[in-house]
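The next block holds one structure in the form of structure tokens; read it before the comments.
Each ligand, and each atom within it, is numbered from 1 in the order the structure gives. Note: hydrogens, waters and symmetry copies are ignored here, and every other heavy atom, side chains too, is used.
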Amino acid sequence: MPGGDMAKPLLGCPNADSDPNLASAPSSRTIGILGSGDFARSLSMRLVSSGFKVVVGSRNPKRNASLFPSAAEVIFQADAIKKSDILFVALFREHYTTLCDLSDELSGKILVDVSNNAEINHHRESNAEYLASLFPACTVVKGFNVISAWTLQSGPRDGNKQVLICCDNQEAKRAVAEIAHALGFTPADMGSLFSAREIENIPLRLLPAWKIPVFLALGLFLCFYTYNFIRQVLHPYIWDKKNKFYKIPVEVVNTTLPCVAYVMLSLVYLPGTLAAIFQLYHCTKYRRFPDWLDQWLQHRKQIGLLSFFCAALHALYSFCLPMRQSHRYLLLNEAVKQSTLGFAALVISTLHTLTYGWTRAFDENQYKFYLPPTFTLTLLVPCAVIVAKLCFCLPCLSQRLRLIRNGWERGRNIKFTCPRTSGEFSSGETSSTV
Ligand code: NAP
């Protein structure tokens, strides 16, 4: 089964100047599209403006012709198939079987499967493999599914220009790559048609990675906002009959945002410390973390970015408000921007929160409805993380952890010498016999 290298630029990045096979002007080629929906319309526009002849095969050409550029020919599916050797199947998977009546006409053609799924790994085999199984006399190429109808219409000026392509037949893959290149995209060879399973999941991967962090940020925001609302608005209203509802849109939000940013930042580092405790406890790095910890570790980047987003919003709010401390927040945000300075930012913000609130923590008036000031609550998780990190700096723990992370396991009767690498907690050679 032929297949190219994964993620390698296809055929050395086709270039019309250097590749004689690409010299054939697009205008001499007719590209077919089956389906007349959003994707088909956008693709036809891009193909026409790139100089291709376009035939669109529709079940109802009369009704849909006006939706397409005048240069595109909108005809019945069977007629469109006859006019082109390369056909983009711009239909949903559920409708592939409606083409079965046209099997004879489709025989020998290259079909480009552009479809996506509603869920990751929705079906056992990919849509492209399914299409190939329905039409064994055709060559199916997976491609263009990662390009939205909007990007096709507006042109590949911004955003992702990469078109991931896979197919079992190198010639067919090359032909589709040439089209992608002529449209201004960068084709990337993803190997055999089997890779379609991976390619079809790509458009769905971005949002799931953000789902948990976004819900986490929203949950924290809601909790802290309610807490601050009770302390800053409800308490003065009930206790002193003072109307402070004007604080709801700006001041309460502005007190809430740094709390969320601060706690989220500490949540970036908490799973790392939990993982270290887990490894120290089990004396091995070869034991799987529990699923929830695994998930948490994988979402640290998104949590960190959301933390920065909240801190940036807070800085914006603080600019709007004549707040004395605004310059301090800006300093903090600068620190958060550098991922390597993330932990430094956590320490600085903890010091800042402690200095800012030390006296208030012992002021009785600050306890509204017996609720402590918000910053004392936000200190809990960051302080726990910092204390844990400091504990891991103790030689007895840091050396043990470094050994574990280099492969040492309790109960294994092997002499293990730690290589001279810069470990997370300490460096230097350590040897141990167990
Ligand atoms: P769409 O607007 O709903 O169009 C689908 C087309 O399928 C219709 O125009 C229709 O064409 C045909 N069709 C509808 N019902 C049918 C049925 N019962 N039997 C047979 N044919 C039927 O969808 P789309 O947004 O263009 O998406 C088409 C494909 O492109 C999908 O697989 C999608 O995953 C993929 N895609 C879309 C985008 C995007 O941004 N829209 C991006 C990447 C990939 P006729 O009436 O002319 O036959």
Side-chain angles (χ1 to χ4, degrees), residues 31-48 54-69 72-84 86-103 105-106 111-123 125-135 140-156 158-166 176 179-180 183-185 187-188 190 193 195-207:
I31 307 294
I33 304 174
L34 298 177
S36 60
D38 295 338
F39 192 87
R41 269 198 304 280
S42 304
L43 180 65
S44 68
M45 285 177 198
R46 185 107 317 263
L47 284 166
V48 165
V54 177
V55 281
V56 178
S58 171
R59 291 168 306 159
N60 194 342
K62 238 184 186 171
R63 191 190 61 190
N64 299 327
S66 61
L67 303 170
F68 284 81
E73 201 182 348
V74 184
I75 47 183
F76 281 108
Q77 289 173 333
D79 300 327
I81 293 167
K82 278 182 206 145
K83 291 197 171 197
S84 174
I86 301 181
L87 294 139
F88 283 80
V89 183
L91 309 176
F92 286 97
R93 177 192 172 112
E94 298 74 45
H95 302 144
Y96 289 172
T97 46
T98 62
L99 297 175
C100 285
D101 294 343
L102 302 166
S103 289
E105 288 88 338
L106 283 168
L111 302 181
V112 185
D113 182 299
V114 300
S115 65
N116 282 314
N117 284 318
E119 286 168 34
I120 287 183
N121 297 327
H122 197 184
H123 304 279
E125 90 272 69
S126 65
N127 297 344
E129 289 170 300
Y130 173 61
L131 186 65
S133 70
L134 289 177
F135 301 99
V140 174
V141 180
K142 182 82 207 179
F144 283 87
N145 64 308
V146 294
I147 305 293
S148 69
W150 167 252
T151 306
L152 276 171
Q153 232 177 76
S154 59
D158 48 14
N160 188 12
K161 284 180 66 175
Q162 215 173 39
V163 171
L164 309 178
I165 296 171
C166 71
V176 176
I179 296 171
L183 299 189
F185 295 101
M190 296 292 284
L193 200 62
S195 304
R197 298 174 189 208
E198 187 190 338
I199 298 178
E200 285 172 13
N201 283 336
I202 287 174
L204 299 165
R205 289 234 185 264
L206 179 66
L207 284 180

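Within 4.0 Å of ligand 1, contacts by protein heavy atoms are made from Gly35, Ser36, Gly37, Asp38, Phe39, Ser58, Arg59, Asn64, Ala90, Leu91, Phe92, His95, Thr98, Val114, Ser115, Asn116, Asn145, Ile147, Ser148, Ala149.
The pair Lys82-Glu73 does not meet the salt-bridge criterion, since no charged nitrogen lies less than 4.0 angstrom from a carboxylate oxygen.
In terms of the side-chain hydrogen bond (donor to acceptor under 3.5 Å, both in side chains) criterion, residue partners of Asn117 (sequence neighbours excluded) are, by chain and number, Asn127, Glu200.
Using the six-membered ring where Trp is involved, Phe144 and Phe88 have ring planes that are perpendicular, over 60° apart on the 30 and 60° scheme.
Here the shortest heavy-atom pairing between Leu131 and Val89 reads CD2-CG2, 4.1 Å. Annotation for Ala80 and Val55: closest pair O-CG2, 3.9 Å, computed over non-hydrogen atoms.
At a cut-off of 3.5 Å, with distance as the only test, no side-chain donor of Glu198 or Ser195 sits close to an acceptor on the other residue.
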